[in-house]
Trainee: 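Structure below; questions to follow.
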Amino acid sequence: MTTLSLIQPTGRLTLGNLLGALRPMVERQADAFYGIADLHALTVRHSPAALRARTEEIAALMLAVGLDRSTLFLQSRVPAHAQLAYLLECTAYTGELNRMIQFKEKGRGNDATRTSLYTYPVLMAADILLYRAEQVPVGDDQRQHVELTRDLALRFNATYGPVFTVPEMVAPAAGARVMSLSDPSVKMGKSNADETGTVYLLDPPDVVRRKVARAVTDSDVGADAVRHDRAAKPGVTNLLEILAACGGSPAGITTYGALKAAVTDAVVGLLDPLQKAYADLADDAAHVRSVFAAGEHRCREVTGPVLAAAGSAMGLA
Ligand code: TYM
C-alpha cells in the first residue's frame, strides 16, 4: 500500500506531530514516502536561516523516530511537486479554497497574506497525488485538506481520464488531536505563542515534567474527577488521551497529581530513545544528507511519469 505524508518545517516538532503523524508513519514503512514540506513553509512570513535550520533538525528527527525503511525527501528538491500543483490549480475552484479553515483562520481579510497560503491545499494535493498514495497518515487537523485532495482526484479523473489514485486519510485511534497543555481549546502546535502548553520532541525530561505539572485541568476533585469528557473536562481528557497514545493505562488513577505523574513518565519514556538517536545523528549530518539525497533521487523517478501523465491527459504536448 503506497503511503505518503509530509511535515512542515515551520517550528520545532511537538508531541502532537509524534502522536498524530510520526508514529503512525513509523508503523507504515513498506512503499512509504515521507517528506519535509519546505515549500509549504514559505506560505507565511519566514526567516531563511531558521527555515534551513528547522529543515535539518526535522530531517534528523525523522530518522531518529525510526523512519529508516521509508523513502525520505525534501519537497523542494523534487520539482514535480510545484509543477503538478500548477496543473491542479487549473482544476481547483476558488469556492473550494475559500472554504479551507486554515486560510480562513490564518490569512483571509489580510491584504499582506501570501498568495501561496491560499493555494496551499492544492500543493498538498499535488504532494499526495504525485505518488498515487493510497494512505495518508496525518492528524485530525489535516482532514479537510485530504478531503479536498480526494475531490480534486475524482474530478480530474472524471474530466481528463484516470490518472490519480483517490487517497484515504489514516488517523491514530488515540493522539489524532493533541491539544495544548495550557489551553486545551487549541491544538498543540509548532508555532503556538504560549510555549508552556507545547511539549517539544527535544525537551529534556525536567522540562516535560514542568509543562505537564502545569497543565490545565479543572477544579472538580470528586471521586470520578479523572474521566474522559471532552466537553466538560477538556484538559483532563487531553491528558488521558496523551497517556493512552503513549501506551500508558489510566487504571487506578483517581487524582490529577497521579494522572500528571503517569503522563510525564509515559511521555519521557517515549521521548528518551528518540532523543538519544537524535544526539547520535546530529553528529553525523553527512549521513542524514545522504539518506535524503537517495530519497530525492527515487522520488524524481516515481513522480516524473505521473506528472507527464497528468499533463498529457490535460492536452499538453
Ligand atoms: P504539520 O507540519 O502542521 O504537521 C505535521 C503532522 O503532524 C500532525 N499534527 C498533529 N497531530 C495530532 N495533534 C496535534 N496537535 C498535531 N499537530 C500536528 C499533522 O496533522 C500532520 O500530519 N499540511 C501539512 C503538511 C503537508 C502534508 C502534505 C501532509 C504538506 N503536504 C501531504 C500530508 C500529505 C501540515 O502542515 O502538517
Side-chain angles (χ1 to χ4, degrees), residues 2-26 28 32-44 51 54-55 57-58 61-62 65 67 73-76 78 81-82 84-85 88 100-103 105-106 116-117 119-150 152-153 167-192 197-201 234 238 241-242 244-246 299 303:
T2 304
T3 307
L4 171 135
S5 197
L6 278 72
I7 296 179
Q8 268 195 100
T10 38
R12 288 178 286 161
L13 292 190
T14 74
L15 184 65
N17 297 130
L18 181 65
L19 300 179
L22 285 163
R23 283 214 317 172
M25 286 153 65
V26 171
R28 295 174 177 76
F33 297 86
Y34 295 130
I36 301 180
D38 53 349
L39 295 175
H40 276 114
L42 306 179
T43 58
V44 288
L51 173 58
R54 290 300 169 222
T55 301
E57 181 178 295
I58 293 177
L61 275 170
M62 287 172 84
V65 297
L67 290 175
F73 66 100
L74 205 54
Q75 182 190 36
S76 64
V78 185
H81 287 254
L84 182 64
L88 291 178
M100 292 290 125
I101 297 161
Q102 177 178 267
F103 178 68
E105 287 177 350
K106 290 198 349 203
S116 54
L117 186 71
T119 55
Y120 177 117
V122 186
L123 176 59
M124 178 161 160
D127 296 337
I128 298 170
L129 299 180
L130 259 183
Y131 294 79
R132 298 197 167 115
E134 294 159 275
Q135 288 197 328
V136 183
V138 282
D140 216 39
D141 59 325
Q142 298 300 317
R143 184 174 300 278
Q144 197 189 27
H145 291 154
V146 178
E147 270 161 19
L148 175 75
T149 303
R150 292 169 54 86
L152 295 182
E168 302 271 357
M169 162 169 165
V170 277
R177 191 167 186 80
V178 177
M179 309 309 280
S180 161
L181 299 179
S182 54
D183 177 0
S185 70
V186 304
K187 184 181 82 162
M188 182 185 284
K190 291 188 212 92
S191 30
N192 285 7
T198 303
V199 174
Y200 297 104
L201 298 189
N238 190 37
E241 179 125 350
I242 292 172
C246 294
C299 289
T303 57

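Counting convention: from 1, in listed order, for ligands and their atoms alike. Sequence positions, counted from 1, serve as the residue numbers for this chain.
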Trainee: To check your reading of the model: name the closest protein heavy atom to atom 11 (N) of ligand 1, its residue, and the distance in Å.
Mentor: G16 O, 3.2 Å
Trainee: To which of A21, P121, G139 does the heavy atom nearest atom 6 (C) of ligand 1 belong?
Mentor: A21
Trainee: Keeping the roles fixed (side chain from E241, backbone from G175), state whether a donor-acceptor pair exists under 3.5 Å.
Mentor: yes
Trainee: To which protein heavy atom is atom 1 (P) of ligand 1 closest, and what is the distance rounded to 0.1 Å?
Mentor: K190 NZ, 3.4 Å
Trainee: For ligand 1, which atoms sit closer than 4.0 Å to a heavy atom of I7?
Mentor: 2 (O), 5 (C)
Trainee: Considering only the protein, which heavy-atom contact is closest to atom 9 (N) of ligand 1, and what is its distance?
Mentor: N17 ND2, 3.7 Å
Trainee: So, does K190 use its side chain to make a donor-acceptor pair with the main chain of Q8 at under 3.5 Å?
Mentor: yes
Trainee: Below 4.0 Å from any atom of ligand 1, is there a heavy atom belonging to S5?
Mentor: yes
Trainee: Evaluating non-hydrogen atoms only, which member of D38, D141, V178, V138 is closest to atom 19 (C) of ligand 1?
Mentor: D141
Trainee: Using modelled atom types only, decide if a donor and an acceptor are shared between the side chain of Q75 and the backbone of D38 within a distance under 3.5 Å.
Mentor: yes
Trainee: From atom 34 (C) of ligand 1, work out which of D127, T198, I128 has a heavy atom at the shortest distance.
Mentor: I128
Trainee: State whether the side chain of T43 and the backbone N or O of L39 hold a donor-acceptor pair below 3.5 Å, judged by distance alone.
Mentor: no
Trainee: For K187, give me all partners under salt bridge (charged side-chain N to carboxylate O under 4.0 Å, His left out), at least two apart in sequence or on another chain.
Mentor: D141
Trainee: So for ligand 1, is T14 a polar contact partner (N or O within less than 3.5 Å, distance only)?
Mentor: no
Trainee: Pick, from M25, E241, M179, Q142, the option with the minimum heavy-atom distance to atom 35 (C) of ligand 1.
Mentor: Q142
Trainee: I'd like to know if the side chain of H81 reaches the main chain of L123, judged simply by a donor and an acceptor atom lying under 3.5 Å from each other, with no hydrogens or angles considered.
Mentor: no
Trainee: Considering only the protein, which heavy-atom contact is closest to atom 27 (C) of ligand 1, and what is its distance?
Mentor: L6 O, 3.5 Å
Trainee: Would you mind checking if R150 and E147 are paired as a salt bridge, meaning a charged N to carboxylate O distance below 4.0 Å?
Mentor: no
Trainee: Less than 4.5 Å apart, any side-chain heavy atom of V78 and any of Y131?
Mentor: yes
Trainee: Identify the closest protein heavy atom to atom 12 (C) of ligand 1: which residue and atom is it, and at what distance?
Mentor: A176 O, 3.2 Å
Trainee: Can an N or O of Y120 be found at a distance shorter than 3.5 Å from an N or O of ligand 1?
Mentor: yes
Trainee: Judged by atom type as modelled, is there a donor-acceptor pair below 3.5 Å linking the side chain of N238 to the main-chain atoms of P184?
Mentor: no
Trainee: With respect to D140, determine whether any N or O atom, backbone or side chain, lies less than 3.5 Å from an N or O atom of ligand 1.
Mentor: no
Trainee: Return yes when G35 approaches ligand 1 closer than 4.0 angstrom through a heavy atom, no otherwise.
Mentor: no
Trainee: Using modelled atom types only, decide if a donor and an acceptor are shared between the side chain of S5 and the backbone of P137 within a distance under 3.5 Å.
Mentor: yes
Trainee: Check whether any N or O atom of M124, backbone or side chain, sits under 3.5 Å from an N or O atom of ligand 1, and answer yes or no.
Mentor: no
